[in-house]
Trainee: 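Here you go, one structure.
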Amino acid sequence: MTKTKLLLPLLQLRIAVNFKKRNGSRMLIQDSLKRKLIIQEDFPWRLPVLSNREEAETSETCDEILKYVGGVDLSFSKDDPSVACGTLVVLDIANLNVLYQDSSVVKLHIPYIPGFLAFREAPVLLELLKKMKTSASPFYPQLLMVDGNGILHPRGFGLACHLGVLADLPTIGIGKNLHHVDGLTLAKVRHCLEENSSKDIITLIGDSGRTLGAAMRSKEGSLKPIFVSVGHSISLATAIKIVKMTCRFRIPEPIRQADIRSKECLQKLNHEK
DNA sequence: GCGACAG
DNA sequence: ATCTTGTCGC
């Protein structure tokens, strides 16, 4: 009896120390990957003109035009939270049709810790991208939209940045909830949105003065915004344009489709059991 | 010390 | 992330 009363706190202490150590090394990894991060335009293509897309398709120039937009998301099993399905989709930005889809069911060993989402989710998604690249699919994305933040992150290096750097792809981070960072709070954001009710986008500037992203009412008259931030090799202005082009509903279509299809994948798996 | 904390 | 029904509206 007394033994357990003594050992329990010791075990908890050990666990807490290990937790701190692991996150410390993860912070170092984030800092070192961050040196490769590009926060400006760095891609070979240009945006399509959707109002007259016929013309854009057969443009006289030989410039590359953005067409293949990827989306990634994970869903989790309700029975076993360590079982997840990662999905990669690629849509045609001109009509938002799904051109490619692939899913992978995996067992996760790393827990979700705020600020360290990438260590849990990135491995599966990178594997899906790698598989697509090595299979020489003609639809390999020119840009990736990620379910999670970019530089809107405690150390300026969220999941979207992590994936962008490691996959060497332009990425855009999309948050469905605000990660409270650099003095930003939901109350402040709501206040700003109410003040400028004419605008559907407000820039998120932290206490440090840095521009971290944008809160965007992607659906007409919707109160709940989405949070757009730069992932890799793109500017916030371009990221916002692309998000607008891909929003049929509140969540941009590439991410929404990845979400829907990853859930379907788990459903099927459950059904087979 | 307390609260906050993407998915 | 996940558990959850109906319901109000275009």
Side-chain angles (χ1 to χ4, degrees), chain A residues 16 19-20 22-23 26-27 30 33-34 71-88 103-126 128 144-164 171-190 204 206-207 212-216 218-232 236 239 243 248-252 254-256 258-267 269-270:
Chain A
F19 184 83
K20 229 179 169 177
R22 272 194 296 270
N23 283 346
R26 285 170 188 154
M27 282 170 62
Q30 288 176 328
L33 287 176
K34 191 177 167 181
V72 286
D73 190 25
L74 294 199
S75 291
F76 297 85
S77 162
K78 54 180 179 182
D79 327 306
D80 185 351
S82 70
V83 171
C85 173
T87 297
L88 165 65
S103 293
S104 168
V105 176
V106 292
K107 187 151 179 93
L108 298 179
H109 301 98
I110 297 169
Y112 166 66
I113 300 161
F116 300 100
L117 178 64
F119 295 88
R120 177 168 165 86
E121 299 200 346
V124 202
L125 303 174
L126 287 169
L128 287 166
L144 194 63
M145 300 185 70
V146 179
D147 183 5
N149 293 322
I151 63 171
L152 178 52
H153 177 274
R155 285 166 298 285
F157 199 77
L159 174 61
C161 304
H162 204 110
L163 284 176
T171 55
I172 299 173
I174 305 291
K176 298 188 278 294
N177 295 288
L178 177 66
H179 194 163
H180 291 205
V181 157
D182 198 6
L184 294 175
T185 64
L186 188 55
K188 284 186 191 173
V189 173
R190 274 184 184 155
L204 299 173
D207 286 348
L212 302 175
M216 183 171 162
S218 49
K219 198 189 167 192
E220 190 92 26
S222 124
L223 291 180
K224 187 167 174 141
I226 59 173
F227 301 93
V228 181
S229 59
V230 166
H232 183 52
L236 182 58
V243 169
R248 223 151 38 197
F249 306 105
R250 185 174 87 102
I251 306 298
I255 289 173
R256 189 172 156 264
D259 179 59
I260 290 170
R261 287 155 200 257
S262 66
K263 277 172 182 150
E264 278 176 0
C265 175
L266 283 179
Q267 290 280 329
L269 200 74
N270 233 336

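Numbered from 1 within each chain, the chains take letters A, B, ... in sequence-line order.
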Trainee: By centroid distance (under 5.5 Å) and plane angle (under 30°), are Y112(A) and dG7(B) in a stacked arrangement?
Mentor: yes
Trainee: Where the side chain of S75(A) is defined as all heavy atoms beyond and including C-beta, which of dG7(B), dT2(C), dA6(B) is the nearest nucleotide?
Mentor: dT2(C)
Trainee: Categorize I113(A) for me: base, sugar-phosphate, or nothing, with a 4.0 angstrom heavy-atom threshold over every strand shown.
Mentor: nothing
Trainee: State whether the side chain of K176(A) and the backbone N or O of I251(A) hold a donor-acceptor pair below 3.5 Å, judged by distance alone.
Mentor: no
Trainee: Nearest-Å distance, CG (D79(A)) to P (dA1(C))?
Mentor: 17 Å
Trainee: Name the orientation class of the two ring planes belonging to F157(A) and H162(A) (parallel below 30°, tilted from 30 to 60°, perpendicular beyond 60°).
Mentor: tilted
Trainee: Figure out the CZ/P separation between F116(A) and dA6(B), and round it to whole Å.
Mentor: 13 Å
Trainee: Determine the contact category for N149(A): base if any of its heavy atoms lies under 4.0 Å from a base atom, sugar-phosphate if only primed atoms, P, OP1 or OP2 are that close, otherwise nothing.
Mentor: base
Trainee: Please report the distance, rounded to the nearest Å, between CD1 in I226(A) and P in dA6(B).
Mentor: 17 Å
Trainee: Is the number of heavy atoms from other residues, nucleotides or ligands within 6.0 Å of CZ (R120(A)) greater than 12?
Mentor: yes
Trainee: Is it true that D73(A) and K263(A) make a salt bridge, defined as a side-chain N closer than 4.0 Å to a carboxylate O?
Mentor: no
Trainee: Tell me what G173(A) touches on the nucleic acid: a base, only sugar-phosphate, or nothing, going by heavy atoms under 4.0 Å.
Mentor: nothing
Trainee: Can you tell me how far P of dA1(C) sits from NZ of K78(A), to the nearest Å?
Mentor: 16 Å
Trainee: dA6(B) C1' sits how many Å from F227(A) CZ, rounded?
Mentor: 10 Å
Trainee: So how far is it from F116(A) CZ to N23(A) CG, rounded to the nearest 0.5 Å?
Mentor: 4.0 Å
Trainee: With a non-hydrogen cut-off below 4.0 angstrom, is G158(A) in contact with a base, only sugar-phosphate, or nothing?
Mentor: base
Trainee: From CG of L186(A) over to P of dG3(B), roughly how many Å is that when rounded to an integer?
Mentor: 19 Å
Trainee: Measure the OG-CD distance between S75(A) and E264(A) for me, rounded to the nearest 0.5 Å.
Mentor: 10.0 Å
Trainee: Is there a donor and acceptor pair closer than 3.5 Å between the side chain of H153(A) and the base of dA6(B)?
Mentor: yes
Trainee: Can you check the F249(A) CZ to dG9(C) P distance for me, whole Å?
Mentor: 20 Å
Trainee: Which listed nucleotide (dA4(B), dA6(B), dA1(C)) is nearest to the side chain of F76(A)?
Mentor: dA1(C)
Trainee: Looking at H180(A), does any N or O in its side chain come under 4.0 Å of the phosphate oxygens OP1/OP2 on dC5(B)?
Mentor: yes
Trainee: Counting Watson-Crick and G-U wobble pairs with both distances under 3.5 Å, what is the dot-bracket string for DNA chain B, 5' to 3', using [ ] for crossing pairs and | for pairs to another strand?
Mentor: .......
Trainee: For K176(A) and dC5(B), what is the distance between atoms NZ and C1' respectively, to the nearest whole Å?
Mentor: 16 Å
Trainee: With a 3.5 Å distance limit and no angle check, can you tell me whether K224(A) reaches the backbone of R250(A) through a side-chain donor-acceptor pair?
Mentor: no
